[in-house]
Amino acid sequence: MKFLRGLARNNDREWFNARKAIYERELKAPMLALIDEINHAMAEFAPDHIRDPKKIMMRIYRDTRFAKDKRPYKRQVSAWWAKRGMEKTSGGGFYFHVSPKEVLVSIGVYMPEREQLRAIREWMSENHIAYRAMVKKILKQRGAGMTDIESNALTRMPKGFASDHAADELLRARNWGVHAYLPAEAALKPNFSKEIVKRFRLAASLIESLNEAIEAAERPREMNFGPLF
């Protein structure tokens, strides 16, 4: 936490490089160990999301190529469990980050690419009642503190869907899923991995449904271009 607070005040390469050994020892190594611990638990409910911890932990370096904000480093350490085969195309997954301000645990689909976006909206148009029921069940779990993620919704219904569709806000959304904010101090407690796993487990079926919607939309394309026997 001390390192991250310092990085927020001194977000430049000179400061970071002088303390890179501290980052490697006090943040990166414990983070990789935490991810490995979570991986073992996820084998029970999300085995297709497990990868090498080094591939799950996100880089501390920011991509500033197209950003107005040119600060080179993130102000949190984070991890993202994509489904195997979707590592480069988003899809539904599991995420958490630790910063001096908060711990965020988020499970869902965030700003998917165009084809995945369309696939989820098509699925939502037919399955919005089931989706809402899944979310409601998750949000009712005591002690989890889960809420809907920010949808980043369009102001108008996307093309191809009726303006009075019963799935209105779900079709206009660009993010789907649930999340929870925990105090930053939660990351310093011995049961931290259990707190993350508890929330990941609660929403695993939600992620499975969203990814199945994406994969179902991709299958015809694979059949058209694949070998025929």
Side-chain angles (χ1 to χ4, degrees), residues 38-39 41-50 79-87 89-97 102-182 186 193-220:
I38 294 169
N39 273 351
M42 290 179 70
E44 298 178 6
F45 60 87
D48 291 340
H49 291 259
I50 296 173
W80 167 247
W81 282 260
K83 185 173 182 179
R84 197 173 300 122
M86 291 185 174
E87 296 92 338
T89 59
S90 186
F94 304 82
Y95 171 88
F96 83 90
H97 76 225
E102 68 196 15
V103 171
L104 170 63
V105 182
S106 187
I107 307 99
V109 178
Y110 177 77
M111 298 292 285
E113 61 180 24
R114 186 172 64 176
E115 291 183 0
Q116 291 187 358
L117 182 63
R118 183 70 186 184
I120 292 173
R121 284 175 172 159
E122 291 284 358
W123 183 85
M124 284 290 177
S125 70
E126 301 292 333
N127 298 277
H128 55 95
I129 295 175
Y131 177 82
R132 287 195 175 101
M134 284 190 286
V135 171
K136 184 177 180 180
K137 183 177 179 181
I138 294 167
L139 303 190
K140 287 174 64 177
Q141 296 297 315
R142 292 183 179 179
M146 305 292 281
T147 60
D148 285 299
I149 66 172
E150 289 82 6
S151 65
N152 193 23
L154 300 170
T155 55
R156 298 180 180 180
M157 190 68 76
K159 185 177 179 180
F161 298 96
S163 60
D164 60 348
H165 199 291
D168 176 34
E169 81 284 0
L170 296 175
L171 295 177
R172 290 188 291 107
R174 286 179 283 190
N175 306 320
W176 297 268
V178 294
H179 65 192
Y181 286 95
L182 309 178
S193 67
K194 293 181 180 178
E195 291 294 327
I196 296 170
V197 169
K198 175 174 72 175
R199 291 164 176 83
F200 280 8
R201 190 189 300 272
L202 282 175
S205 60
L206 190 72
I207 290 300
E208 186 177 354
S209 295
L210 293 172
N211 282 332
E212 283 180 357
I214 294 169
E215 291 169 336
E218 291 175 344
R219 286 185 197 116

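Position 1 is the first residue of the sequence, and the numbers go up from there.
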message: Just to verify, what does Arg174 make a salt bridge (Lys or Arg N to Asp or Glu O under 4.0 Å) with, not counting sequence neighbours?
response: none
query: Which pair of non-hydrogen atoms, one from Leu202 and one from Ala144, has the smallest distance, and what is that distance?
result: CD1-CB, 3.6 Å
- request: Take His128 and His165 through the side-chain contact (heavy atoms from CB on, under 4.5 Å) test and state the conclusion after the steps.
  value: CA-CA 10 Å; His128 55 95; His165 199 291; 4.2 Å; yes
field: Check: Gln116 and Ser90 side chains under 4.5 Å, non-hydrogen atoms
entry: yes
Sub-4.5 Å side-chain heavy-atom contact between Glu150 and His179: yes
- prompt: Tell me, do Arg121 and Trp176 make a side-chain contact under 4.5 Å, heavy atoms counted?
  reply: yes
field: Salt bridge Lys198-Glu195, side-chain N to carboxylate O under 4.0 Å
entry: yes
- prompt: CZ of Arg156 to OG of Ser163: how many Å apart, nearest 0.5 Å?
  reply: 11.5 Å
- request: Determine whether more than 12 heavy atoms belonging to other residues, nucleotides or ligands lie under 6.0 Å from atom CD of Glu113.
  value: yes
message: What I'd like to find out is whether the side chain of Tyr131 reaches to under 4.5 Å of the side chain of Glu126, using heavy atoms alone.
response: no
task: For Gly92 and Val109, work out which heavy atoms get closest and say how close.
output: CA-CG2, 3.5 Å
task: Flag the pair Glu215 and Lys83 as a salt bridge only when some basic side-chain nitrogen lies within less than 4.0 angstrom of an acidic carboxylate oxygen.
output: yes
- request: Determine, step by step, whether Tyr95 and Tyr110 satisfy the side-chain contact (heavy atoms from CB on, under 4.5 Å) criterion, reporting the C-alpha distance in whole Å, the side-chain angles of both residues, the deciding distance to 0.1 Å, and the verdict.
  value: CA-CA 10 Å; Tyr95 171 88; Tyr110 177 77; over 6 Å; no
statement: Residues passing the salt bridge (Lys or Arg N to Asp or Glu O under 4.0 Å) test with Glu169, sequence neighbours excluded, are Arg132
field: Within-4.5 Å side-chain heavy-atom neighbours: Met111 and Asn152
entry: yes
- request: Could you check Met124, Arg118, Glu122 and say which one makes a side-chain contact (heavy atoms from CB on, under 4.5 Å) with Ile120?
  value: Met124
- prompt: Where do Ala180 and Arg199 come nearest, in terms of heavy atoms and distance?
  reply: CB-NE, 3.8 Å
task: Mind checking the CZ-OG spacing from Phe200 to Ser193? Nearest 0.5 Å is all I need.
output: 11.0 Å
- prompt: Taking it one step at a time, do Val135 and Met146 satisfy side-chain contact (heavy atoms from CB on, under 4.5 Å)?
  reply: CA-CA 9 Å; Val135 171; Met146 305 292 281; over 6 Å; no
Side chains of Leu154 and Leu171 in contact at under 4.5 Å (non-hydrogen atoms): no
query: CD1 of Ile196 to CH2 of Trp81: how many Å apart, nearest 0.5 Å?
result: 6.5 Å
- line: Between the CD1 atom in Ile138 and the CG atom in Leu206, the distance rounded to the nearest 0.5 Å is 4.5 Å
query: Do Val105 and Phe94 have side-chain heavy atoms sitting under 4.5 Å apart?
result: no
- prompt: Under 4.5 Å between any side-chain heavy atoms of Ile129 and Asn127, yes or no?
  reply: no
